[in-house]
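Working notes for the structure below.
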Amino acid sequence: MSSSSLSTTEQLQSFGERHVTKGIGRIAPGVMKKAEGSYVEYLDGKRMLDFTCGIGVTNLGHCHPKVSKAAAEQCMQLVHGQCSISFHEPYLRLIEKLLPIMPHPSLGSFFFWNSGSEAVEAALKMARATTGRQNVICMQGGYHGRTFGAMAVTRSKTGYSEGFHPLMPGVFVTPYPFWHQLGLPPSTPTQTLTQLALNQLHLLLQQQTSPSDTAAIIIEPVLGEGGYVPAPREFLLGLRELCDEHGILLIVDEVQSGFGRTGAWWAIEESGLRPDILVMAKGLANGFPLSGVVSRKEVTDKLRPGSMGGTYAGNAVSCAAACAVIDAMEEERMLENMKERSKHLLTSLHALQSDPVLAPYILDVRGRGLMVAVEFNSPAPLGGGWDPVYQSQNQKVPPNLATLVAKRCIEKGMLLLTTSVYEVVRFIPALNIGQGEMESGVRVFEDSLREVVGGWEREGK
């Protein structure tokens with residue numbers, strides 16, 4: 001084999017820009033070479049503190065030794081055991097390990113696929129097939145993926161579906177109990193948000209999609225791309241009550257919020273919510289492509305054999321990695337560490353929110369566990385000035401503040417993402433991040449925010 005002519009980072013970067021589709025965006029320049037724990041190393045020697053975790057995937061840190069070892073050993077046993085041919089052992093061992101940590105004992109029938117989007121597609125198919133109904137209700141601000149059905153129930157921003165219409169029919173949108181989307185101040189009580197959102201949902205069922213035509217309601221218990229907004233317990237239980245009343249299936253998408261990200265195995269544990277279908281991915285296999293759909297056996301027994309499947313669905317190597325993830329989570333007491341680091345992060349961010357210099361720029365600090373966000377003020381409200389939240393602030397602030405701060409963090413050596421149509425940055429570090437690493441990340445964020453704000457103020461606003 002001839003040697004590569006791409007010998008420098010610059011050549012590889014240029015090659016990628018020419019040959020990788022423009023449809024994929026990137027937040028940072030450079031070419032990643034390797035990663036370990038909370039750090040990513042680039043070909044040019046640059047070392048970055050990772051507060052993105054591959055968008056909530058490497059919950060145990062990059063290349064966790066137990067997970068990598070399990071995957072390597074499985075590669076020498078069986079790489080591809082197609083799910084429509086026979087069972088394979090890692091698939092069944094993973095179910096065995098997942099059953100005790102399910103958020104409700106009724107969840108006992110599993111199907112594994114590759115990505116979160118595919119798992120959502122399977123959940124939508126399942127809901128339609130088992131209820132005999134077509135329509136699906138999704139949440140304003142919700143994100144469920146970029147494949148066709150998942151894209152249709154994604155309403156976090158139009159960028160994911162622009163130019164791809166008409167989308168899957170039979171989809172209806174209801175408000176999520178998020179103060180900003182409802183045009184209310186951040187201090188609005190959750191009881192008020194819940195009442196408003198549930199009232200609109202009941203109206204939707206009277207005005208747009210009859211309960212007898214509605215197969216499912218799909219929700220993220222913590223909005224992901226919509227801005228890292230936890231759903232109030234009373235809202236989730238209100239959904240359960242409504243679904244039970246009308247025979248509608250409740251699909252809970254824990255692709256990003258699951259597997260310890262919010263402080264428990266599942267974000268819905270705190271509410272006691274019982275889903276009819278639970279969707280998981282991302283942290284499930286710590287970087288190996290794997291997703292899962294789990295439901296009640298009486299629901300999945302209605303499916304026709306062959307209606308679910310996929311060439312690489314439930315790959316043996318990914319399943320073996322996921323088994324090791326569960327073992328490592330329990331053996332290394334990941335959730336205990338995560339709760340301590342979460343307390344540190346939220347306390348630090350609330351302190352910035354209380355700082356008299358920074359207070360005018362920060363609207364909200366929110367989240368659960370290590371799924372945390374800061375929402376900034378904006379001089380350019382959505383809707384051409386009709387946003388009552390921004391109007392009520394009456395503050396002069398720089399435009400695109402979230403993007404500016406995230407970019408400055410990257411320049412200072414920390415990967416950080418924005419999210420939602422509002423000015424929001426999100427923090428998704430590894431669950432086993434050390435105290436020193438958390439302190440470094442908080443310091444980079446504070447320095448970046450102060451520099452951006454200070455520079456804008458010096459320029460005369």
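A quick note: this is a predicted structure, and the numbers were derived from the prediction, not measured. Each residue takes its place number in the sequence, starting with 1.
- Taking the side chain as every heavy atom from C-beta outward, F110 and M102 approach each other to under 4.5 Å.
- In this structure, the side chains of L107 and P275 come closer than 4.5 Å at one or more pairs of heavy atoms.
- Side-chain contact between I217 and I251: absent, with no pair of heavy atoms (C-beta onward) separated by less than 4.5 Å.
- A salt bridge links D276 and R296; the closest N-O separation between the charged side-chain nitrogens and carboxylate oxygens is under 4.0 Å.
- Salt bridge status for E254 with R261: absent, with no side-chain N to carboxylate O gap under 4.0 Å.
- Contact check for V389 versus W179: side-chain heavy atoms found under the 4.5 Å cut-off.
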Practice item. Run the numbers on Y312 and W113 for ring-ring contact (aromatic ring centres under 6.0 Å, His included), then give the verdict. Key: CA-CA 7 Å; Y312 303 108; W113 221 338; over 10 Å; no
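- In this structure, N286 contributes its side chain and A322 its backbone to no donor-acceptor pair below 3.5 Å.
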Practice item. In sequence, state the C-alpha distance, the side-chain angles, and the governing distance for Q11 and F15, and then conclude on side chain to side chain contact (heavy atoms under 4.5 Å, CB included). Key: CA-CA 6 Å; Q11 288 173 331; F15 180 83; over 6 Å; no
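- For the 3.5 Å distance criterion, the side chains of E121 and T147 qualify, holding a donor opposite an acceptor.
- L94 pairs in a side chain to side chain contact (heavy atoms under 4.5 Å, CB included) with only one of the listed residues (V325, L99, I326), which is I326.
- Within the 3.5 Å criterion, the main-chain N or O of E225 finds a donor-acceptor partner in the side chain of T419.
- Once rounded to the nearest 0.5 Å, the distance linking CG of L401 with CG of L449 reads 6.5 Å.
- Contact check for K33 versus Y42: no side-chain heavy atoms found under the 4.5 Å cut-off.
- Ion pair D447/R408 not flagged as a salt bridge, since none of the NZ, NE, NH1 or NH2 atoms sits closer than 4.0 Å to an Asp/Glu carboxylate oxygen.
- Sparse packing is recorded around CD of E162, with 12 or fewer heavy atoms of other residues, nucleotides or ligands lying under 6.0 Å away.
- The residues R450 and E446 are annotated as salt-bridged, a charged nitrogen and a carboxylate oxygen being separated by less than 4.0 angstrom.
- Between M414 and the options T52, D50, V442, V444, a side chain to side chain contact (heavy atoms under 4.5 Å, CB included) holds for only V444.
- Counting only distance, with no hydrogens or angles, the side chain of S295 and the backbone of I277 share no donor-acceptor pair below 3.5 Å.
- Aromatic ring pairs are classed by plane angle as parallel below 30°, tilted from 30° to 60° and perpendicular above 60°; the pair F427 and F51 is perpendicular.
- Considering R366, R368, Q256 in turn, Q256 is the only one that fulfils the side-chain hydrogen bond (donor to acceptor under 3.5 Å, both in side chains) rule with Y228.
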Practice item. Could you go through the side chain to side chain donor-acceptor pair (under 3.5 Å) check for Q195 and Q191 one step at a time? Key: CA-CA 6 Å; Q195 184 178 10; Q191 183 179 1; 5.9 Å; no
Exercise for review: Might you work through the salt bridge (Lys or Arg N to Asp or Glu O under 4.0 Å) test for E332 and K66, ending with a clear yes or no?
Suggested key: CA-CA 11 Å; E332 299 174 28; K66 290 181 181 177; 3.3 Å; yes
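- Side chain to side chain, E220 and S257 fail the donor-acceptor criterion of an N or O pair below 3.5 Å.
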Exercise for review: Mind running ring-ring contact (aromatic ring centres under 6.0 Å, His included) on H62 and Y39 for me, showing each step along the way?
Suggested key: CA-CA 8 Å; H62 291 282; Y39 288 91; 9.7 Å; no
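- Closest non-hydrogen pair, P175 versus Q140, comes out as CA-OE1, 3.9 Å.
- Between D387 and H180 the shortest side-chain heavy-atom distance falls below 4.5 Å.
- Counting only heavy atoms from C-beta outward, the side chains of P379 and K396 never approach each other to under 4.5 Å.
- Contact check for S291 versus V279: no side-chain heavy atoms found under the 4.5 Å cut-off.
- For the residue pair R333 / N337, no side-chain donor-acceptor distance below 3.5 Å is found, with atom types taken as modelled.
- In this pair, Y91 and H88 present their aromatic rings perpendicular. The plane angle is above 60°, beyond the 30 to 60° band.
- Checked options D364, V372, I362; the residue passing with L349 is V372 (criterion: side chain to side chain contact (heavy atoms under 4.5 Å, CB included)).
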**Study point:** Audit row: T262, L370, side chain to side chain contact (heavy atoms under 4.5 Å, CB included) steps and yes/no
**Key:** CA-CA 6 Å; T262 62; L370 287 176; over 6 Å; no
